[in-house]
Amino acid sequence: MKYSFGPLLLSLLSCSLVLADPDYHERLNLQPLTPASLLASFNFWSKASLQSYEEQHFKYIPRSLGQILQHAKTRELHLRFSTGRWDDESWGARPWGGTKEGGTGVELWAWVEADSDAGSFARWVTLNNALSGLFCASLNFIDSTRTTRPRMTFEPASVGTNASTDNLYLLHGTLPREVVCTENLTPFLKLLPCKGKAGIASLLDGHKLFDASWQSMAIDVRSVCPADGSECSIEMEQTVDMVLDVQRSKRPRDNPIPRPVPSEGLRCDDTKPYAGSDFCYPSDISNGQSWTIAEIFGRPIQGSCLAEDSNGNPLDSVYIDVPNEREMYITSGTENKHLSGTCRSFTLPKSEPFEMVLSHLGPQTFNDHTTPPLYASRSFTGHGQERGGVQTLLTNPSLTSSISFVYFETLPWFMKLYLHTLTARLSTSSTPNPCLIKEKFYRPALDRRRGTQLELLISVPANSTVILTYDFDKAILRYTEYPPDANRGFDVAPAVIRLLSNDKKAPVYIRTTSLLLPLPTPDFSMPYNVIILTSTVMALAFGMIFNLLVRRFVGADEVEGWDVAALKAKLRGGVMVLRDKMMKKGGKGRKSINSSCGN
Amino acid sequence: MALISPTVLALRRDPRLLKLPPYLSALLILVGVVWLCLLPLNEYSRHTYISENALLPGQVHTYFGGSEQNVFNAYKYEVKELAGKPQDEISNKLGEIFKSAGLRSARQKYEYQAAGITYTGENVYAILHAPRGDATEAIVLVAAWTNMDGELNQNGVALTMELARYFKRWSLWSKDIIILITADSRAGPQAWVDAYHDEHISPSVAPLPIKSGALQGVVVVDNALDHHFESIHIVYDGINGQLPNLDLFNTAVSIASGQLGMRVALQRMWKHDDSYRERLQTMLRGMVRQGLGHSSGPHSSFIPYHVDAITLQAVGEGGQDDMAMGRCIESIFRSLNNLLEHFHQSFFFYLLMQADRFVSIGTYLPSAMLVAVNFTIMAIALWIRSGRPPAPKLATTMPEKSSKPEVDVIQKDGMTAIVPKETITIHERQMFIPVSLVVSLHFLGVIPLYIFNNSAFETLPYYFLLFTMVNLVLPTALATFIHHQASLTPQQYLLLHSFSLLLLGMFLATLATLNFSLSLFVGLLSAPLSFIGNPFSGSVEPKDVFPSQLRKTTSSIALQLVSPPVVVSAVCYFWGTNVGEMLAEAAFGWKVNGLWMQVIVWCVWWPAWLAGSVLVSPVL
């Protein structure tokens with residue numbers, strides 16, 4: 001399934017974009033979500049011709065990343081940093097159809113050019129190590145146990161390349177435990193042409209980005225060789241999506257503590273019979289949102305960054321999804337209401353700050369959110385340290401059409417899956433229905449060498465829920481295999497779900513949350529105590545025995561008394577020693593003369 | 001070895017050695033009891049301390065208060081309005097309040113049957129997603145709609161919902177917070193936690209539609225008072241005597257008393273002046289609760305799943321208001337939020353005698369173990385005694401014809417000895433009847449276990465009365481039956497006693513590591529079983545083994561006084577409860593909570609008692 005990446009995906013959003021064709025453009029899409037959240041999607045797109053890329057002539061595609069990709073012979077790269085979770089019950093379908101997000105932590109997949117499986121893995125390791133340094137993330141920990149080669153889940157986004165004929169290998173790795181933070185954002189911003197100093201990237205501040213309820217940073221690099229035979233090119237897209245809690249973001253930075261508001265500031269429901277000075281039944285908080293960019297992001301947009309087409313006309317870079325009747329004010333730039341009535345766009349002024357106010361006046365309306373095509377939630381069942389189970393609920397909300405998808409899971413090797421217990425049933429029945437799983441691809445784990453890979457082709461009938469369950473055993477690890485940090489358990493990577501549609505539409509991805517697998521854990525402080533205690537005992541014993549061995553024992557009667565004779569003898573001894581020394585020195589001198597004579 | 005073996009061999013046959021075990025047994029029981037009484041002393045108990053440094057209890061400033069009071073008042077009004085309304089209306093209103101706070105809520109219906117009574121209800125819960133969290137861990141705030149005494153938990157429920165609103169505003173949570181309002185204090189939490197781990201009974205308990213990650217800690221709020229409270233009563237006993245991690249308890253104590261200056265009470269000891277007497281009383285109350293092992297609050301159901309939980313109950317009349325309770329919970333939640341690992345640092349086996357004093361398992365375990373060991377020692381002694389030959393005939397002045405004893409020549413280690421044949425022949429033990437008797441008596445325990453767990457509430461007292469009556473005559477009947485079918489030889493009599501005690505000792509020693517208190521209580525109540533018959537005699541002559549008729553009668557009357565049904569009735573009388581209620585409670589525990597106490601009573605204690613009673617019952 002080939003699809004054009006940039007323009008097509010952008011058109012998935014309710015605003016459609018008219019693209020001129022400069023080599024770089026950026027855009028910010030703001031979408032208020034009910035009840036009190038705001039989805040901000042930043043997208044930075046750049047392009048270079050394949051020829052200039054191969055000649056290491058870099059303009060918008062950053063040299064640091066480009067050289068890594070060339071060195072590791074990587075044709076296509078997808079790197080994701082995510083935290084939090086998308087709440088699809090209240091926020092609806094995911095932005096970009098879920099194609100620009102990863103599971104919690106870090107997720108990376110790439111098509112690497114190589115002669116063999118082993119060769120591709122070596123290049124994959126090179127790539128991971130280089131990216132690890134570039135993005136300050138522990139990507140170098142993606143070893144063979146965390147690497148899989150999915151069969152059905154991912155398709156190359158590149159146009160005009162053929163994975164089988166070009167010797168391309170797909171490798172996929174995840175780090176669910178990786179904490180995404182500012183040190184990953186800084187290198188991300190450095191890849192941009194304006195480095196986060198101007199344009200929409202000036203809003204990307206670590207304080208706000210990492211206070212978001214859900215946040216995802218993505219880098220996609222692909223090659224495009226148009227079918228008409230024109231010049232091949234390399235495209236890179238950087239995306240940042242975040243869902244901000246409006247109330248929380250509006251709190252001033254110098255007073256971030258959500259203290260109880262004064263009684264006068266409470267919004268009460270006055271229709272209650274007991275409403276009065278001491279009673280306040282809070283009225284609904286979803287009554288509206290009003291904010292300014294500076295309130296939400298801490299500062300206005302600092303001018304524009306390369307937002308012109310080839311003729312020098314300014315391009316729209318900020319979009320907002322609100323109905324046209326909603327009142328909005330901007331300080332500068334131009335506003336452009338779209339015909340759909342649910343979206344408007346703005347151009348940014350060249351160098352002055354741009355501020356936008358979503359007013360609390362007028363009708364407080366939102367666009368309806370779209371229903372996601374599938375709800376997926378995964379959790380552990382059972383308790384204890386020996387075995388457990390995994391249960392995934394897959395709900396198809398559509399009343400009319402069934403849905404089929406690929407369910408892809410990678411499990412660590414110490415989670416020993418029993419494939420015969422893998423069953424799918426409808427929530428309405430208690431017996432497994434073998435027809436729900438159409439196809440299985442299973443690659444069993446090898447202890448300490450690779451994890452389990454499970455890809456299932458599942459279909460869910462209209463308006464029903466499929467419960468997918470399987471059991472597993474927990475392996476006992478060697479004590480050195482536990483990570484050095486506090487042991488909260490092991491994270492199991494999120495499952496990736498790729499929805500299959502009959503028409504050649506862009507794919508839709510959904511990821512579940514990660515799981516926390518507690519394994520039988522030794523009391524690590526105990527070996528530590530034991531080591532300390534043993535060392536102390538050893539030291540004491542050693543000290544005593546050593547002392548006994550090297551000490552010369554002399555009988556009490558053998559000790560010389562402290563009398564004049566002894567003193568005399570001692571003195572005489574001293575004199576003798578001194579004289580001997582003198583004599584020796586003299587002898588030495590003679591010897592040296594002799595030796596010189598000998599020469 | 002060669003040197004000591006003749007001495008040991010000689011000692012082995014020494015009749016004085018066989019006289020020793022009963023005294024040793026009695027001494028062990030005595031030491032066990034004295035040991036327990038020493039525990040409250042300063043020298044044997046320790047100050048509590050926070051072992052997990054990540055908790056940092058009371059290190060954060062709490063902000064709950066101010067205008068939150070107004071919202072709390074409104075919620076409390078709403079809760080009071082809902083009292084006595086149908087469950088659906090309550091659930092709808094709670095769901096609406098959660099929704100207005102911006103939380104996703106869900107419901108779970110459940111239905112249990114125990115002792116012919118149906119327990120139904122609906123739990124309502126909401127999940128507050130950690131702002132940057134990944135749904136891998138969660139902490140739970142619980143309020144039961146009605147508390148353990150069946151009163152409307154108006155302040156607890158209102159406070160919980162108000163805290164949910166308040167917590168939603170903070171962005172510092174590293175774990176999801178689940179706010180759970182259960183319909184009652186015992187069945188509701190059990191249904192919820194079972195379904196959370198997908199171990200619920202389908203279809204009477206519904207599965208949970210939304211879930212979060214692994215549960216790391218649970219705090220239950222219970223405040224049914226209509227006035228300001230004086231102190232916080234912390235309830236911590238779990239099902240089957242399991243306890244939450246001591247760190248969680250310590251955190252709550254340190255926050256309530258250290259940070260907020262509230263008094264903390266435990267085990268219903270409203271007055272505690274730190275005297276020996278009161279420490280012992282607190283400890284014993286804790287042990288009784290642990291021994292019974294039944295649910296003592298909504299937190300109890302979580303503990304078997306290795307989820308540490310406590311209940312904070314507001315008691316007394318004083319100057320603390322609900323905002324203070326709210327601040328206490330806020331601070332505990334901030335501490336739980338700091339946890340990097342599951343609670344594991346501190347103790348899981350402890351006895352508390354005051355809010356800040358405890359003894360750990362290493363110190364108290366010997367007490368129950370000594371009591372259990374007394375049975376094993378007596379069992380071994382009886383085993384040895386049963387293998388002894390009948391005593392040689394007393395010397396008479398008249399020389400007998402075959403006065404020459406048979407001898408054997410033994411050569412060992414280059415030495416030769418002439419040994420009377422009598423001392424080295426092995427007297428075969430006739431074990432079939434004793435073993436089958438002991439085993440069948442233990443299986444007989446299944447009958448009362450089944451009857452008391454599967455009868456309707458109204459019939460339970462009658463069944464109990466019937467059982468007590470049967471229990472009065474059962475030993476005599478069994479003894480008569482055995483006597484007429486297969487008269488016991490002295491050796492079989494001793495073996496029967498030995499096996500019964502051996503099993504009892506083994507069960508109790510194992511149980512002591514799981515539920516110390518239950519093991520100790522059962523051990524002490526069965527202590528007389530060690531000393532029935534003629535324990536101080538080493539001979540196997542029938543007249544020395546079988547007790548006299550008078551002795552039999554007194555022994556069986558004495559044993560009847562410590563029989564399980566009599567003890568149960570005495571306990572009920574002492575606590576002023578109805579036997580039927582007590583049995584219904586136990587049946588509820590068995591059916592709903594997975595309580596094992598009755599198995600111990602009917603399949604360990606009662607068979608041992610029955611075996612002992614059969615041995616001393618007069619034969620008709």
Side-chain angles (χ1 to χ4, degrees), chain A residues 35-36 83-85 87 89-90 104-105 176 210-213 215 245 247-248 256-263 265-266 268-269 272 274-275 277-286 377 379-384 389 391 393 430 485-489 491 494 513-516 518 521 523 525, chain B residues 51 54 61 63-78 81 97 99-102 104 129-137 162 165-171 193 196-199 202-203 207-216 304-307 339-342 344-345:
Chain A
T83 49
R85 91 198 86 161
D87 180 1
E89 294 262 336
S90 35
T104 308
F210 297 113
D211 190 39
S213 304
Q215 161 261 314
D245 186 310
Q247 301 302 325
R248 204 159 68 214
I257 297 168
R259 291 187 176 83
V261 292
S263 306
L266 282 174
C268 304
D269 185 350
K272 292 283 172 189
Y274 49 78
S277 58
D278 285 348
F279 291 83
C280 175
Y281 187 85
S283 61
D284 234 349
I285 55 167
S286 60
S377 72
S379 59
F380 275 133
T381 59
H383 75 293
Q391 184 190 57
L393 301 178
S430 57
D485 311 330
N487 188 279
R488 73 196 266 271
D491 288 76
T513 53
S514 58
L515 292 172
L516 187 67
T521 312
D523 182 353
S525 68
Chain B
S51 188
H61 192 85
Y63 293 94
F64 189 74
S67 63
E68 307 290 335
Q69 175 79 57
N70 298 2
V71 183
F72 170 79
N73 288 345
Y75 283 166
K76 188 173 161 185
Y77 189 94
E78 295 284 340
E81 285 286 290
I97 291 178
K99 189 159 181 280
S100 79
R104 265 176 78 188
H129 287 173
R132 282 167 45 69
D134 47 3
T136 52
E137 293 171 292
E162 172 54 10
R165 250 180 77 82
Y166 173 74
F167 286 163
K168 173 81 173 138
R169 298 210 295 264
W170 289 87
S171 59
V193 72
Y196 196 88
H197 295 92
D198 211 45
E199 305 207 332
S202 277
L208 299 185
I210 53 173
K211 281 189 200 176
S212 179
L215 305 181
Q216 303 288 332
Y305 285 93
H306 196 13
V307 177
L339 271 185
L340 294 172
E341 315 176 48
H342 199 89
H344 70 285
Q345 277 274 2

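Just so we're on the same page: letters track the sequence lines, and every chain starts at 1.
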Measure distances from Arg85(A) to the heavy atoms of chain B and classify the residue's part below 4.5 Å as side chain, backbone, both or neither.
both

Pairwise distance CG(Asp211(A)) to CZ(Arg132(B)) - rounded to 0.5 angstrom:
8.0 Å

Tell me, do Glu78(B) and Phe279(A) make a side-chain contact under 4.5 Å, heavy atoms counted?
no

Using a cut-off of under 4.5 Å for heavy-atom pairs, which of Asp491(A), Leu393(A), Thr83(A) has the most such pairs with chain B?
Thr83(A)

Do the side chains of Arg104(B) and Asp87(A) get nearer than 4.5 Å, heavy atoms only?
yes

Of the backbone (N, CA, C, O) and the side chain (C-beta and beyond), which part of Pro203(B) lies under 4.5 Å from a heavy atom of chain A, both, or neither?
neither

State the NE2-OG1 distance between His342(B) and Thr521(A), to the nearest 0.5 angstrom.
10.5 Å

Does Arg488(A) reach the side chain of Thr136(B), with side-chain heavy atoms less than 4.5 Å apart?
yes

Beyond-backbone contact of Pro282(A) with Tyr75(B), side-chain heavy atoms, under 4.5 angstrom:
yes

Examine whether an atom of Tyr77(B) lies under 4.5 Å from a heavy atom of chain A, and if so say whether it belongs to the side chain, the backbone or both; otherwise answer neither.
side chain

So for His129(B), is it side chain, backbone, both, or neither that comes closer than 4.5 Å to the heavy atoms of chain A?
both

Of all the heavy-atom pairs spanning Tyr63(B) and Arg259(A), show the shortest one and how long it is.
CE2-NE, 3.5 Å

Less than 4.5 Å to any heavy atom of chain A: does that hold for the side chain of Arg169(B), its backbone, both, or neither?
both

Phe380(A) and Lys211(B) have their tightest heavy-atom pair at O-NZ, 4.4 Å

Between Phe72(B) and chain A, with a heavy-atom cut-off of 4.5 Å, which part of the residue counts as in contact: side chain, backbone, both or neither?
neither

Partner chain B: residue of Thr381(A), Asp269(A), Thr104(A), Asp278(A) with the largest heavy-atom pair count (under 4.5 Å):
Asp278(A)

Taking Ser67(B) for its side chain and Val261(A) for its backbone only, find out whether a donor-acceptor pair lies under 3.5 Å.
yes

Under 4.5 Å from any heavy atom of chain B, what part of Ser379(A) do you find: side chain, backbone, both or neither?
side chain

Ranking Glu137(B), His306(B), Lys76(B), Gln345(B) by heavy-atom pairs under 4.5 Å to chain A gives rank one to Glu137(B)

Do you know the tightest heavy-atom contact between Glu199(B) and Gly382(A)?
OE2-CA, 3.1 Å

Can you say whether Leu515(A) sits under 4.5 Å from chain B via the side chain, the backbone, both, or neither, judging by heavy atoms?
backbone

Please classify the contact of Pro207(B) with chain A as side chain, backbone, both or neither, using a heavy-atom distance under 4.5 Å.
neither

Region of Tyr281(A) in contact with chain B, defined by heavy-atom distances below 4.5 Å
both

